[in-house]
Amino acid sequence: MSANAGAGPAGGVDEAWGARADVVGSLLRPPALLDARARWLGGDLDTHSYKQVEDRAVDEALALQESCGLDVVTDGEMRRMFFSGVITDAVEGIELTPGQTTVWQSGAAEAEALEIQLPAAVTGRVRFRRSLATEEFSYARGRTDRLIKVTLPSPTMFGYFWSPEKSTAAYREPFELFRDATQIIRQEVRELARLGCRYIQIDAPELVTLVDPTHADYFAHLGIDPERLLDEGVELVNACADHPDIHFVMHLCRGNNHGRWLAEGGYDAISRKVFGRATNFNGFALEYDSPRAGGFEALAEMPDDKRVILGLISTKVGTSPPLEELRGRIDQAARHFPREQLAISTQCGFASEQSGNPITAAEQTQKLRLVAELAHEVL
């Protein structure tokens, strides 16, 4: 077991263990930022001016989270076009070229599944070009006294950028790519630790999407063995969370894009392999906002030295459950895992890609306030 694992705080990260009102990552981008980014990418706005707009968006994101009463804040991922921006914006070997197609569901009877072609693919050996996360943390550190969480993609998330047609010129097989990606994420972790970061979330949606046979077949079709993802893949993700001065959580969800999702199914099918083998992680941030995530029984498989952040409040729709219903759900979860080791968050970010989910800024604020109210009242 890593030095940072255990039933209590270690390495100066006490604050994370006590945080009850948490946050996953992205917030809705303000229209001014989206406009500035479009002009900057089109060559109509210089970088200095664009960065000033980014900075203001981060300031607003931090102020919003503080005003809502959250114990943990992020920079809203305002500097990223996608939540995986540490990959797509900052790593050599990934090219903006048509990649794999993913199928997104809405759950609405009148809405058909939506096929979205990913805008990037691995075309060369992936290498660390620059750090995006350190810019995010360094700026936010000077703007808030709250605990700052930085989000990083898992190395196996690079599987979504794997193309049997375009990637095999650089890599014989996907896990060779994942091993290189692991070194990139570990380098980001070391740089963040050097700057004083104490809380990192590794986003690993690909692991929990394997509970859905359709999505497991998606990876198999790409030549990525689902069982190997749950064995060697989990070991690689775990290797990224290896620094004694940082509190690590793994975020698991079933996809988040314009209010749509990739997969459905409970955690039971992966709980032992993921919860039990990710020994370097202090906790898990788990999507639990809908029946698609299954029940809380899988929490019984969670090692007793972890935290669990219950993602009870959806970012995919504007409405939220009544407070009494949410209290009841926490009571249900506490039957399977100690209440004193629970925290609350939204189920995912509000804008995993820059245009965001179909909710308003006012609804976003209401949901963040609900997270804080619920967490501080019940936990």
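All residue numbers refer to positions in the sequence shown, counting from 1.
- Two rings, from F178 and F158, have their centers 6.0 Å or more apart.
- A 4.5 Å side-chain heavy-atom check between I224 and L229 finds at least one atom pair inside the cut-off.
- In this structure, R130 places its CZ atom where more than 12 heavy-atom neighbours from other residues, nucleotides or ligands lie under 6.0 Å away.
- Taking the centre of each ring, Y267 and Y288 come in below the 6.0 Å mark.
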Checklist entry - Where do K51 and E135 land on the salt bridge (Lys or Arg N to Asp or Glu O under 4.0 Å) test, with the steps shown first? => result CA-CA 11 Å; K51 284 296 181 180; E135 177 187 3; 3.0 Å; yes
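- Listed here is the closest heavy atom pair of A293 and E287: CB-O, 3.3 Å.
- A donor-acceptor distance shorter than 3.5 angstrom exists from the side chain of S26 to the backbone of A351, with no hydrogens or angles considered.
- Using modelled atom types and a 3.5 Å distance limit, the side chains of S163 and E165 yield a donor-acceptor pair.
- Remark: the backbone N or O of D245 is paired with a side-chain donor or acceptor of H243 at under 3.5 angstrom.
- R56 places no side-chain N or O within donor-acceptor distance of the main-chain N or O of L33, the cut-off being under 3.5 Å.
- To the nearest 0.5 Å, atoms NZ (K306) and CZ (F281) are separated by 9.0 Å.
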Next on the checklist: If you apply the rule salt bridge (Lys or Arg N to Asp or Glu O under 4.0 Å), what do you find for R327 with E324, and how did you get there?
Outcome noted: CA-CA 5 Å; R327 291 191 192 104; E324 191 58 37; 2.6 Å; yes
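- The closest donor-acceptor contact from the side chain of E115 to the backbone of T101 lies at 3.5 Å or more, if one exists at all.
- Counting all heavy atoms, side chain and backbone alike, I185 lies closest to P153 at CD1-O, 3.4 Å.
- Within the 4.5 Å cutoff, the side chain of L207 has heavy atoms near those of the V234 side chain.
- Side chains of N257 and N357 form no contact here, defined as non-hydrogen atoms less than 4.5 Å apart.
- Evaluation of the side-chain hydrogen bond (donor to acceptor under 3.5 Å, both in side chains) test over residues 65-74, restricted to residues two or more places apart or in two chains, returns E66-T144, D71-H376.
- The salt bridge (charged side-chain N to carboxylate O under 4.0 Å, His left out) pairs that include a residue from residues 272-284 are E227-K273, D231-K273, D231-R277, E235-R277, R272-E301, where partners are two or more places apart or lie in different chains.
- Side-chain contact of K367 with T315: a donor-acceptor pair under 3.5 Å is absent, judged by distance alone.
- Side-chain atoms of H251 come within 3.5 Å of backbone atoms of A285 as a donor-acceptor pair (strictly under, hydrogens ignored).
- Residues E191 and T134 bring no donor and acceptor atom of their side chains to less than 3.5 Å of each other.
- Annotation: side chain of F350 is not in contact with side chain of V23 (no heavy-atom distance under 4.5 Å).
- The distance between the ring centers of H221 and Y218 does not fall below 6.0 angstrom.
- Between the side chain of R143 and the backbone N or O of L62, no donor-acceptor pair lies under 3.5 Å.
- Side-chain atoms of Y50 and D55 form no donor-acceptor pair, as typed in the model, at a separation below 3.5 Å.
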Item to check | Residue pair R339, D331: steps toward the salt bridge (Lys or Arg N to Asp or Glu O under 4.0 Å) verdict | outcome: CA-CA 8 Å; R339 182 185 293 265; D331 289 341; 2.5 Å; yes
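- A donor-acceptor contact under 3.5 angstrom links the side chains of S49 and D46, judged on distance only.
- Side-chain contact, N256 with S352: a donor N or O sits under 3.5 Å from an acceptor N or O.
- Under a 3.5 Å cut-off, the side chain of R307 and the backbone N or O of A343 do not form any donor-acceptor pair.
- S355 and E353 share a donor-acceptor pair across their side chains, judged by distance under 3.5 Å alone.
- The backbone N or O of R172 lies less than 3.5 Å from a partner atom in the side chain of E176, making a donor-acceptor pair.
- Applying the salt bridge (charged side-chain N to carboxylate O under 4.0 Å, His left out) test to every pair with at least one member in residues 23-42, sequence neighbours left out, gives these pairs: D35-R39, R37-E54.
- Residues M81 and L41 have side chains in contact (heavy-atom distance under 4.5 Å, counting atoms from C-beta outward).
- W104 and T102 are linked by a side-chain donor-acceptor pair at a separation below 3.5 angstrom, with hydrogens and angles left out of the test.
- Closest approach of L342 to A333, counting heavy atoms only: CD1-CB, 4.5 Å.
- With 3.5 Å as the limit, one finds no donor-acceptor pair spanning the side chains of N282 and Y199.
- A salt bridge links E136 with R80: the closest approach of a Lys/Arg side-chain nitrogen to an acidic carboxylate oxygen falls below 4.0 angstrom.
- Minimum interatomic distance between Q341 and D305 (heavy atoms only, all atoms of both residues): NE2-C, 4.4 Å.
- Inter-residue side-chain proximity for Q187 and Q183 is flagged as unmet; no heavy-atom pair is nearer than 4.5 Å.
- Looking only at distances, no side-chain donor or acceptor of Q201 sits under 3.5 Å from a matching main-chain atom of K149.
- With E95 contributing its side chain and T97 its backbone, the two residues share no donor-acceptor pair below 3.5 Å.
- For the pair W261/R292, a side-chain contact is recorded, criterion being any heavy-atom separation below 4.5 Å from C-beta on.
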Checklist entry - Stepwise, does the side chain to side chain contact (heavy atoms under 4.5 Å, CB included) test hold for L114 with V103? => result CA-CA 6 Å; L114 179 64; V103 180; over 6 Å; no
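- Between A133 and L152 the shortest heavy-atom distance is CB-CD2, 3.8 Å.
- Side-chain contact between F137 and D75 is absent, with no heavy atoms from C-beta onward closer than 4.5 Å.
- With rounding to the nearest 0.5 Å, the separation of CG in L310 from CD1 in I344 is 5.0 Å.
- Aromatic rings from H247 and W17 are positioned such that their centres are separated by under 6.0 Å.
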